[in-house]
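Since we're looking at a predicted model, the values are computed, not measured. First the proteins, then the strands, lettered A, B, ... as listed; each starts at 1. Note: hydrogens, waters and symmetry copies are ignored here, and every other heavy atom, side chains too, is used.
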Amino acid sequence: MTPETPIRWRRKDLLGIAELSPAEIELILDTAESFSEIGERAIKKVPTLRGKTVLNLFFEASTRTRSSFEIAEKRLSADNINFSTSGSSLEKGETLVDTALNLQAMAPDLVIIRHAHPGVPHMLAKRIKAGVINAGDGAHEHPTQALLDAFTIRRHKGRLAGLKVAILGDIEHSRVVRSNIHLLNKMGAKVTIGGPRTLMPVEMEAMGVEVAYTLEDAIRDADVIMMLRVQLERLGRMAFPSVKEYFQLFGLTTARLAAARDDVIIMHPGPMNRGTEIASEVADGPYSVILEQVTHGVSVRMAILYLLSGVHEETV
Amino acid sequence: MSPYQGKLLIHGGRVIDPSQDLDEALDLLIEDGRVARLDGAIKKPKDAETFDAAGLVVAPGLIDMHVHLREPGQEYKETVRTGTMAAAAGGFTAVACMANTDPVNDSRSVTEHILLEAQRHGFARVYPIGAISKGLLGEELAEIGEMVRAGARAVSDDGKPVMSSELMRRALLYAQHFDIPVIQHAEDLTLTGSGVMHEGVWSTRLGLPGIPGASEDVMVARDLILAEDTAGRYHVAHLSTARSLDMVRRAKSQKINVTCEVAPHHLILTDEEVAKSGFSTNTKMKPPLRSEKDRAALLNGLADGAVDCIASDHAPHHADEKDVQFSVAPFGIVGLETTLSLCLDRLVRPGILSLPRLVHLLSTGPARVLGVPGGTLKEGSPADVTVFHPDAEVTLSKASFRSKGKNTPFDGWKLHGHPVATFLEGRRTLDG
Ligand SMILES: [Zn+2]
């Protein structure tokens, strides 16, 4: 046994789960625990980030993640400014490098960024002094989602190690699945992914997962099932012939849940397509923790903002 | 540039000339731009200048049969002048330039324009490659005969593949009238889709759309069938996969008229580099950096003769064009000023290739594929000569490139071996 050494957050940015250590992941989750209590107070606000400026930079439409970050920022008393694509220079052909330089000129403390292209947060992080938090870059990573998923699982199962987690759906286009695979593997869970072969990236096994091609095989004895959003815009691009057929093959229904463990929990990063990847009876049923994920998302993001802002270092 | 008038004695060097199976200490006497004598201990004629090549390798001028000089139309990326300066600096005495200029080199007038620029400002021989199809549109044949009469030495739609099987078949037939190779950028665009890197474990991890190896293989397989049926001369540009190479090797054994080139970056880097470099756009090119298995297969092909030449696919872009997110950056990197050092350090130094084999791949090989003079130091041939240090340490620095393009993943690499002097018809084009 190694003696428990207190871990301190050292990174400027949170770009992905791939580069995090298990100790760093645990630090975020533990910090989130202490922030979750704030959300239960009548006055849900603490002065922790007073005087800090946070820019929310969303190059891609997002309601859930953006509002979750905004709420987290407000609860920590940070000054926040939102940029989204419509009407801003982000759409007027300004290059990312120029955007980065302009942002730097505003001297923010933290920048939250979502972009359709993998690697954009990394590019930004190299160019600006502010801490960069990746709020989703293409199909690459969505670290805060994986962390809030882990937080939710821990709340229900008390642990991550040893759990069997099934993740199902459009694997190819999902950043959620990639961040979750990294995180769950690092924390000792066993991951099985499933979905149509036409939406399964090559050499998935090399990421340390088992791959199943039927829903039943994927969820057998699962402690946790995560359903991924099927991107309906992929329809008609040879990925699968129809929503009806998708639901027949990979839609999660109460009847099919029998293969999983009795205390299974059902998760979904949202937004859901009811009747495409998940039946309403499951989404709204007793095993579903989907709305809890949303609640925990705020606590986890507060923890991340707190750690990256460096205020914990200033007070040491 | 006109031939050097007078005499030059390059003495004391190790002469490697694959065309004559030569690898020995010899002196080389050049007279009025031609190789006059190649012999042990030539006595210096009174009126001759001398070049001391002690400790250096003296080789037939290197030929890069796949470069983009960007002129006409994209002079902000490169010109015939800067591109051939880069060639000379990299040890090349000749380059073949691709037709994807603006306007496209699909007519005699553009071919003539390129050759005129080369004559006026060139630091290396320039062999224009004409387009296969008008406007690179892949629909109808360009005026190949006219371009050949003007000086084109091959045809290619490079940058784009010839997707139409029918057009490819006709190109392979028609090009035989002029005894020139049809060079294919082998890629099935329907399989490439929106791909930006090799499809494999790294595209899966990074969530970047992949370009499967099959995208190249399907095209090579189709073209080999057409080459067999037409007996045309077929050349695969920048071949990058193990399977394509296997098919080429097999086709050669069946006497199908096929040759292929590989690019240094495919011999040295793999798709992992995209992740290791943190999404650097200088790891983005077409074909993409492939898997380790592909890379290993290409190295085998260099040694066993399946590969005919090494060509850089020198693709200069403006810094602003590359300084964008990975997914939208243009494909391609520069190569003229890095190729020789990379090959010496990464292929010869570890013993993958002998020096004579490397010289063959960079000189005699491409000369044969293109059917151009050069690639030899036989007496009477043009005195295109490259002198290089086989193992002296050098640090690649994009800041010192003569090329306008600085887009290279090799900046700052410490390597062993570098060009020292380049002579074009006896006239020095690179000072060491
Ligand atoms: Zn090409």
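- In this structure the side chain of A/L96 never reaches within 4.5 angstrom of the side chain of B/V324, judged on heavy atoms.
- Heavy-atom pairs under 4.5 Å with chain A were tallied for B/G193, B/S203, B/G207; the largest tally goes to B/G207.
- Atom-to-atom distance recorded for B/F326:CZ and A/D137:CG is 13.0 Å, nearest 0.5 angstrom.
- Taking both residues in full, the closest heavy atoms of A/K126 and B/G278 are given as NZ-O, 3.4 Å, listed atom of the first, atom of the second, then distance.
- Taking the side chain as every heavy atom from C-beta outward, B/D323 and A/M123 approach each other to under 4.5 Å.
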Dump the intermediate steps for side-chain contact (heavy atoms from CB on, under 4.5 Å) on B/R205 and A/H182, then the final yes or no.
CA-CA 10 Å; B/R205 282 180 73 103; A/H182 289 308; 3.5 Å; yes
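- Taking A/P201, A/P118, A/G119, A/A139 one by one and counting their heavy-atom pairs under 4.5 Å with chain B, the maximum is reached by A/P118.
- Heavy-atom distances place the side chain of A/R178, and not its backbone, under 4.5 Å from chain B.
- Within 6.0 Å of CZ in A/R229 there are more than 12 heavy atoms belonging to other residues, nucleotides or ligands.
- Using a 4.5 Å cut-off between heavy atoms, A/H122 touches chain B through its side chain atoms alone.
- A/H140 is not listed as a side-chain neighbour of B/L208, based on a closest heavy-atom distance of 4.5 Å or more.
- We find the OG1-CD1 distance between B/T204 and A/I171 to be 11.0 Å, quoted to the nearest 0.5 Å.
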